[in-house]
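Below, chain A is the first sequence line, B the second, and so on; all start at residue 1.
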Amino acid sequence: MEKDKKLKPSKELPLGFVDRQEKELLTRDFIISNIKEVMIKYGFQYLETPSFEYSESIGKYLPDKERPDQGVFSFQDEKKWLSLRYDLTAPLARYVAKNYLEIPKPFKRYQLGTVWRNEKPGPGRFREFLQFDADFIGTKNLQADAELCVLISEILEKCGLAKKDYTVKISSRKFTEDLFAELKISSKGQASTVLRALDKIDRLGWSEVKKLLATGRKDDSGDYTDGANLNDEQILTLEKKIKETKPSTEDVLEIIKIFESYNFTNYQYDPSVIRGLEYYTGPIFEVNLNFEVKNNKGQTIQFGSIGGGGRYDNLINNFGNLDCPATGISVGIDRLVYALMQKKEFNLKTSKPVVICVFNKADLGEYIKILKILREENISSEVYPGEGNLKKQMQYANKINSPAVILYGENEINSGKPTLRDLKSGKEQSIEIKSLVNEIKKIL
RNA sequence: GCAGCUGUAGCUCAGCUGGUUAGAGCACUAGUUUGUGGAACUAGGGGUCGGUGGUUCGAACCCACCCAGCUGUACCA
């Protein structure tokens with residue numbers, strides 16, 4: 001008996017995992033339906049790959065790091081390691097390599113799927129979340145990169161954002177390559193420290209980033225981060241270059257030219273866009289929201305980007321001798337949902353059921369007659385599914401936000417006229433069964 | 001990983017310098033109203049005060065260690 005307490009299962013969720021409720025899910029559905037519409041219009045194929053992949057298929061070959069089990073949820077099955085996918089790009093690369101001969105080239109596909117990351121969650125960042133990816137495989141044509149920016153912008157506007165609400169930032173890996181050449185930085189370690197520092201300009205501001213470029217920085221909590229050890233002259237040169245507003249690399253210039261043909265203007269050249277991924281080889285882009293986002297305590301939070309992407313011409317080559325250039329974009333759908341829910345009230349019809357109250361179990365047949373009439377008309381409805389007196393049933397209807405209840409007790413059954421109570425106004429009327437549907441539709 | 005902060009009811013939190021049976025609001029259950037919700041009133045259920053060890057006549061409160069969460073920072077294929 002004593003041990004019972006210890007056996008009680010925990011009702012806590014694993015760190016970084018969340019329950020998602022209807023309002024959020026409906027907003028998400030709305031976004032997804034917009035995505036699908038746009039993607040069909042732009043001529044992309046719909047693809048789904050499994051949640052699990054062999055770890056080696058989505059991890060080891062990636063040039064970035066050689067830590068197969070860090071940041072990823074993995075387990076060993078027989079002899080092989082399996083991992084939950086951490087993005088949709090790696091599985092795509094695997095898919096393309098596997099089906100290389102069959103797929104059209106170029107291959108355009110889009111995918112919506114849950115991804116998992118075994119890392120520390122932050123505000124608005126979870127360990128399980130939904131991603132949307134669109135990619136062009138097998139083309140070096142920069143029209144593809146341009147079109148990704150155009151397409152994401154169309155999706156966002158379809159979701160109700162105005163041009164001023166978001167910006168597509170664009171830069172290129174070539175910019176940083178040129179930069180490192182000019183600064184005479186050849187050490188890979190130093191280069192990546194510089195990149196990581198530059199990536200933080202948005203969040204920390206230039207003066208803090210400058211410390212990271214020099215000897216190091218102490219953050220608010222007192223923690224210390226080592227710097228990239230650039231000298232003053234290097235930092236000065238870098239500052240000048242990073243604050244340039246005119247693109248200097250050919251790829252970006254060409255993309256901007258293509259934007260003009262599309263009449264797409266909502267972009268911004270920003271050389272401080274770095275993106276973490278080391279597999280990018282050319283143009284890179286990032287989508288930022290320009291309005292404030294608050295957390296559940298009402299504090300404004302640093303929201304960062306909702307998505308981004310770029311060109312990765314060498315990634316697929318890792319699977320073998322496949323010279324297969326590619327470019328793609330990813331969007332964190334849940335983050336977009338979170339932001340959109342604050343941006344404007346979506347009038348998403350949630351259509352809660354009309355509740356038919358139960359007075360007497362023996363009359364269930366009568367209740368169901370009415371129920372069938374309503375459902376025939378696609379009116380969300382139910383016979384009270386629990387047990388209890390009328391008061392309890394009213395409380396239930398109120399709690400689920402039901403628009404109306406139908407009272408069909410002895411008196412009503414005898415007269416053949418159910419009572420319809422509008423739960424918003426509290427008004428009741430006694431009406432013929434045949435006009436019930438029309439009256440309810442007025443309330444809805 | 002590092003640093004700071006925080007762990008008391010389902011939720012949000014109070015609990016003064018250690019002192020009888022640990023509190024509030026919300027939520028929940030029942031009743032006032034045995035055929036009427038959202039309001040009010042009344043009553044009620046629900047806590048090894050994160051865990052372990054220590055100090056003390058006595059610990060939610062002090063000390064040590066551990067665990068968990070939050071925030072920042074690092075890493076992030």
Side-chain angles (χ1 to χ4, degrees), chain A residues 2-6 8 10-16 53 55-72 74 83-91 93 115-125 127 192-193 195-197 199-200 203-204 208 211-212 216-227 274-280 295-297 299 301-302 312 315 318 330 355 357-360 363 384 388-413 418-428:
Chain A
E2 228 178 84
K3 284 188 174 169
D4 276 7
K5 278 230 154 129
K6 290 201 167 162
K8 212 195 285 177
S10 167
K11 40 191 185 259
E12 302 307 319
L13 287 167
L15 176 66
E53 298 269 358
S55 306
E56 61 177 56
S57 307
I58 55 167
K60 273 189 181 153
Y61 72 90
L62 288 163
D64 297 54
K65 295 273 179 262
E66 58 290 90
R67 17 157 116 168
D69 194 31
Q70 196 149 349
V72 186
S74 304
S83 297
L84 278 169
R85 62 184 176 208
Y86 51 81
D87 73 4
L88 299 177
T89 308
V115 304
W116 295 265
R117 293 192 189 175
N118 190 0
E119 58 193 30
K120 194 191 142 181
R125 296 187 68 192
R127 300 216 285 188
S192 71
T193 308
L195 283 183
R196 286 199 302 269
D199 202 22
K200 293 174 181 119
R203 189 154 45 87
L204 303 178
E208 292 302 304
K211 293 178 192 163
L212 285 170
R217 167 181 184 262
K218 196 178 192 176
D219 68 57
D220 294 341
S221 65
D223 197 17
Y224 189 79
T225 311
D226 283 332
I274 303 295
R275 300 253 93 205
L277 306 191
E278 287 182 32
Y279 60 61
Y280 288 131
N295 66 11
N296 54 13
K297 284 179 185 158
Q299 304 161 308
I301 54 174
Q302 266 290 347
Y312 51 99
L315 183 61
N318 289 305
S330 307
V355 176
C357 293
V358 173
F359 288 84
N360 187 343
D363 291 331
Y384 178 66
N389 56 24
L390 192 55
K391 175 173 177 161
K392 216 170 164 184
Q393 301 187 36
M394 295 296 291
Q395 284 174 337
Y396 165 80
N398 185 53
K399 184 131 193 178
I400 64 167
N401 259 317
S402 165
V405 296
I406 289 169
L407 305 171
Y408 200 46
E410 245 179 286
N411 304 341
E412 286 87 352
I413 291 174
T419 299
L420 175 66
R421 182 181 175 94
D422 180 337
L423 284 180
K424 217 171 201 168
S425 65
K427 278 180 192 148
E428 270 181 18

Query raised in the report: Does the A:Ser83 side chain pair with the main chain of A:Arg85, one donor and one acceptor, at a distance under 3.5 Å?
Result: no
Query - Nearest-angstrom distance, P atom, B:rG18 to B:rC13 - result: 25 Å
Query raised in the report: Within a strict 4.5 Å, meaning less than it, do heavy atoms of the A:Leu390 and A:Cys357 side chains meet?
Result: yes
Query raised in the report: So which nucleotide does B:rG58 pair with, by the Watson-Crick or G-U wobble rule with both distances under 3.5 Å?
Result: none
**Report entry** Residue-phosphate contact under 4.0 Å: A:Lys120 side-chain N/O, B:rG69 OP1/OP2
**Finding:** no
Query raised in the report: Which atom names give the shortest non-hydrogen contact between A:Tyr396 and A:Val355, and what distance separates them?
Result: CE2-CG2, 4.1 Å
Report task. To the nearest Å, give me how far apart CG (A:Asn389) and C1' (B:rA30) are. Result -> 11 Å
Query raised in the report: On a whole-Å scale, what distance lies between the P atoms belonging to B:rG54 and B:rU73?
Result: 41 Å
**Report entry** First encountered from the 5' end of RNA chain B, between A:Lys399 and A:Lys427
**Finding:** A:Lys399
**Report entry** Atom P, compared across B:rU29 and B:rC70: separation rounded to whole Å
**Finding:** 30 Å
**Report entry** B:rU20: pairing nucleotide in any strand, Watson-Crick or G-U under 3.5 angstrom
**Finding:** none
Query raised in the report: Given the P atoms of B:rG51 and B:rC61, what is the spacing between them in whole Å?
Result: 10 Å
Requested in this report: Look through every strand shown and name the nucleotide pairing with B:rC65 as Watson-Crick or G-U wobble, where both distances are under 3.5 Å.
Outcome: B:rG51
Query - Atom P, compared across B:rA3 and B:rA27: separation rounded to whole Å - result: 43 Å
Query raised in the report: Does the B:rG38 base have a donor-acceptor partner in the side chain of A:Asn398 within less than 3.5 Å?
Result: no
Query raised in the report: Just to confirm, is there a sub-4.0 Å distance from OP1 or OP2 of B:rA77 to any side-chain nitrogen or oxygen of A:Arg117?
Result: no
Query - Between P of B:rU73 and CZ of A:Arg125, the distance in whole Å - result: 11 Å
Query raised in the report: Stacking check: are the rings of A:Phe359 and B:rG35 less than 5.5 Å apart at their centres and under 30 degrees in tilt?
Result: no
Report summary line: Here the distance between atom C1' of B:rA39 and atom CE of A:Met394, to the nearest Å, is 14 Å
**Report entry** Interatomic distance at C1', B:rU36 relative to B:rG23, whole Å
**Finding:** 36 Å
Report task. Pick base, sugar-phosphate or nothing for A:Ile400, based on heavy-atom distances below 4.0 Å to the nucleic acid. Result -> nothing
Report summary line: Using Watson-Crick geometry (N1-N3 plus N6-O4 or O6-N4) or G-U wobble (N1-O2, O6-N3), each under 3.5 Å, B:rU73 is paired with B:rG1
Report summary line: Looking only at B:rC76, B:rG35, B:rU36, the nucleotide nearest the A:Glu119 side chain is B:rC76
**Report entry** Short side-chain donor-acceptor distance under 3.5 Å, A:Glu412 and A:Thr419
**Finding:** yes
Query raised in the report: Any donor-acceptor pair under 3.5 Å between the side chain of A:Lys218 and the base of B:rG72?
Result: no
Report summary line: Between NZ of A:Lys391 and C1' of B:rU33 the distance, given in whole Å, is 7 Å
Report task. Hunt down the Watson-Crick or G-U wobble partner of B:rG25, both distances under 3.5 Å, from any strand shown, or write none. Result -> B:rC11
Report task. Examine the base of B:rG35 for any acceptor or donor lying under 3.5 Å from a partner atom in the side chain of A:Gln393, and report the outcome as yes or no. Result -> no
Query raised in the report: Rounded to the nearest Å, what distance is computed from the CG atom of residue A:Leu15 to the P atom of nucleotide B:rU71?
Result: 10 Å
Query raised in the report: Looking at B:rU29, does its base get a donor-acceptor pair with the side chain of A:Lys392 below 3.5 Å?
Result: no
Query raised in the report: Taking the C1' atom of each, how far is B:rA68 from B:rU21, in whole Å?
Result: 31 Å
**Report entry** For atom CD of A:Glu208 and atom P of B:rU73, their distance in whole Å
**Finding:** 10 Å
Report task. May I ask you to verify whether the side chain of A:Asn411 and the base of B:rG35 hold a donor-acceptor pair under 3.5 Å? Result -> yes
**Report entry** Same-atom distance (C1') from B:rA59 to B:rG15, integer angstrom
**Finding:** 14 Å
Query raised in the report: Is it true that a side-chain atom of A:Glu119 and a backbone atom of A:Arg127 form a donor plus acceptor pair closer than 3.5 Å?
Result: no
Report summary line: Taking a pair to mean Watson-Crick or G-U wobble geometry with both distances below 3.5 Å, B:rU33 pairs with none
Report task. Go through the steps for A:Phe359 and A:Leu407 under the test side-chain contact (heavy atoms from CB on, under 4.5 Å), then give the verdict. Result -> CA-CA 8 Å; A:Phe359 288 84; A:Leu407 305 171; 4.0 Å; yes
Query raised in the report: To the nearest angstrom, how far is A:Gln395 atom CD from B:rG35 atom C1'?
Result: 14 Å
Query raised in the report: Taking for each residue the nucleotide of RNA chain B bearing the nearest heavy atom, is the 5' side occupied by A:Lys200 or by A:Pro14?
Result: A:Pro14
Query raised in the report: With both distances under 3.5 angstrom, what nucleotide forms a Watson-Crick or G-U wobble pair with B:rG38?
Result: none
Query raised in the report: Step by step, would you call A:Lys200 with A:Leu212 a side-chain contact (heavy atoms from CB on, under 4.5 Å)?
Result: CA-CA 10 Å; A:Lys200 293 174 181 119; A:Leu212 285 170; 4.1 Å; yes
Query raised in the report: Can you check the A:Asp199 CG to B:rA74 P distance for me, whole Å?
Result: 10 Å
Query raised in the report: For the side chain of A:Glu428 and the base of B:rU36, is some donor closer than 3.5 Å to an acceptor across the two?
Result: yes
Query raised in the report: Less than 4.0 Å between a side-chain N and a carboxylate O, is that true for A:Glu208 and A:Arg217?
Result: yes
